[in-house]
Amino acid sequence: MSELEHSDRSDAERARVPHDHLAWEVWDAIRSAWPGQTINWPDEPQMAWAYAVDGISAEIVGEGIRTMVRSGDTFPPSAPEFRRLCLQIDTWEHERIQHADRLAQERLALPPPPRDPQVIASGIASLREALVS
């Protein structure tokens with residue numbers, strides 16, 4: 001159960017994003033970056049924003065905010081767009097896993113073929129013998 005779905009919260013409390021939730025940081029960043037477009041937005045983030053960042057680390061949300069602000073977009077993203085933006089960010093851990101996968105693939109790869117003409121001629125001769133016999 002996520003922190004947004006605790007059964008000990010009343011219906012009214014469940015309709016509001018807790019003040020210590022990451023959605024507030026995203027909300028404040030959006031309102032700061034796009035003041036003209038968000039002037040009529042409510043002072044508090046809607047639950048959609050809380051659900052959008054639920055389960056994503058503070059580090060990734062922070063990177064998402066930086067990427068969003070640097071994007072140069074004319075309008076702020078929707079909650080689902082922001083979530084997609086966060087989930088597309090490569091972290092150091094993701095890069096480490098990709099690097100380990102590349103190393104494993106290199107170890108599994110066949111060695112490059114010989115380039116020495118004598119070795120190639122010898123190999124062809126061995127193949128011909130095997131086919132004739």
Side-chain angles (χ1 to χ4, degrees):
M1 181 181 292
S2 83
E3 70 177 82
L4 300 173
E5 298 167 348
H6 284 297
S7 60
D8 60 340
R9 295 176 66 202
S10 70
D11 289 341
E13 289 173 325
R14 272 184 269 196
R16 297 181 73 183
V17 177
H19 287 284
D20 60 345
H21 198 278
L22 284 173
W24 281 92
E25 289 184 40
V26 176
W27 195 252
D28 291 342
I30 288 174
R31 293 190 69 188
S32 296
W34 290 278
Q37 291 84 347
T38 60
I39 197 165
N40 293 323
W41 285 21
D43 292 333
E44 296 184 12
Q46 298 169 340
M47 286 303 294
W49 287 94
Y51 288 124
V53 298
D54 200 30
I56 301 176
S57 72
E59 177 187 18
I60 298 295
V61 169
E63 283 297 316
I65 290 170
R66 284 186 281 286
T67 301
M68 172 187 68
V69 171
R70 291 178 188 149
S71 71
D73 289 342
T74 309
F75 292 95
S78 66
E81 289 170 338
F82 182 77
R83 182 172 180 83
R84 267 193 307 278
L85 177 72
C86 287
L87 296 177
Q88 291 174 359
I89 293 173
D90 286 336
T91 63
W92 66 269
E93 185 175 5
H94 186 270
E95 290 174 10
R96 186 176 56 87
I97 291 168
Q98 285 182 328
H99 179 70
D101 287 346
R102 277 193 300 275
L103 290 177
Q105 287 298 321
E106 288 172 7
R107 281 187 292 247
L108 295 175
L110 294 173
R115 291 195 168 91
D116 182 5
Q118 290 177 344
V119 172
I120 294 171
S122 170
I124 291 173
S126 296
L127 285 172
R128 283 187 180 146
E129 265 183 47
L131 291 172
V132 172
S133 333

Over all heavy atoms of both residues, which pair between G64 and L85 is shortest? Give the atoms and the distance, please. O-CD2, 3.4 Å
In short, M68 meets A29 closest at the heavy-atom pair CE-CB, 4.2 Å
Which residues share a ring-ring contact (aromatic ring centres under 6.0 Å, His included) with W34, sequence neighbours left out: none
Please report the shortest heavy-atom distance between T74 and Q37, naming the atom on each side. O-NE2, 2.8 Å
Could you tell me how the ring of W49 sits relative to the ring of W41: parallel (under 30°), tilted (30 to 60°) or perpendicular (over 60°)? tilted
If you round to the nearest 0.5 Å, how far is CD1 of I124 from CD of E129? 13.0 Å
Check the pair V61, E25 against side chain to side chain contact (heavy atoms under 4.5 Å, CB included), reporting the backbone distance first and the verdict last. CA-CA 9 Å; V61 169; E25 289 184 40; 5.6 Å; no
Whether the side chain of S126 engages the backbone of S122 through a donor-acceptor N/O pair (distance < 3.5 Å, no angle test) should be reported. yes
Who are the salt bridge (Lys or Arg N to Asp or Glu O under 4.0 Å) partners of E44, not counting sequence neighbours? R16
For a quick test of reading the model, state the closest non-hydrogen atom pair linking P42 to Q46 and the distance between them. CG-NE2, 4.4 Å
Between W27 and D43, is the side chain to side chain contact (heavy atoms under 4.5 Å, CB included) condition met? List the steps. CA-CA 9 Å; W27 195 252; D43 292 333; 5.9 Å; no
Can you name the closest pair of heavy atoms from T38 and R31 and give their distance? OG1-CA, 3.5 Å
What is the distance from atom OG of S57 to atom CD of E63, rounded to the nearest 0.5 Å? 9.5 Å
If I compare all heavy atoms of A48 with all of A79, which pair ends up nearest, and what's the gap? O-CB, 3.7 Å
Student check: side-chain heavy atoms of V53 and R83 closer than 4.5 Å: no
In Å and rounded to the nearest 0.5 Å, what is the CD1 to CG distance from I60 to L22? 11.5 Å
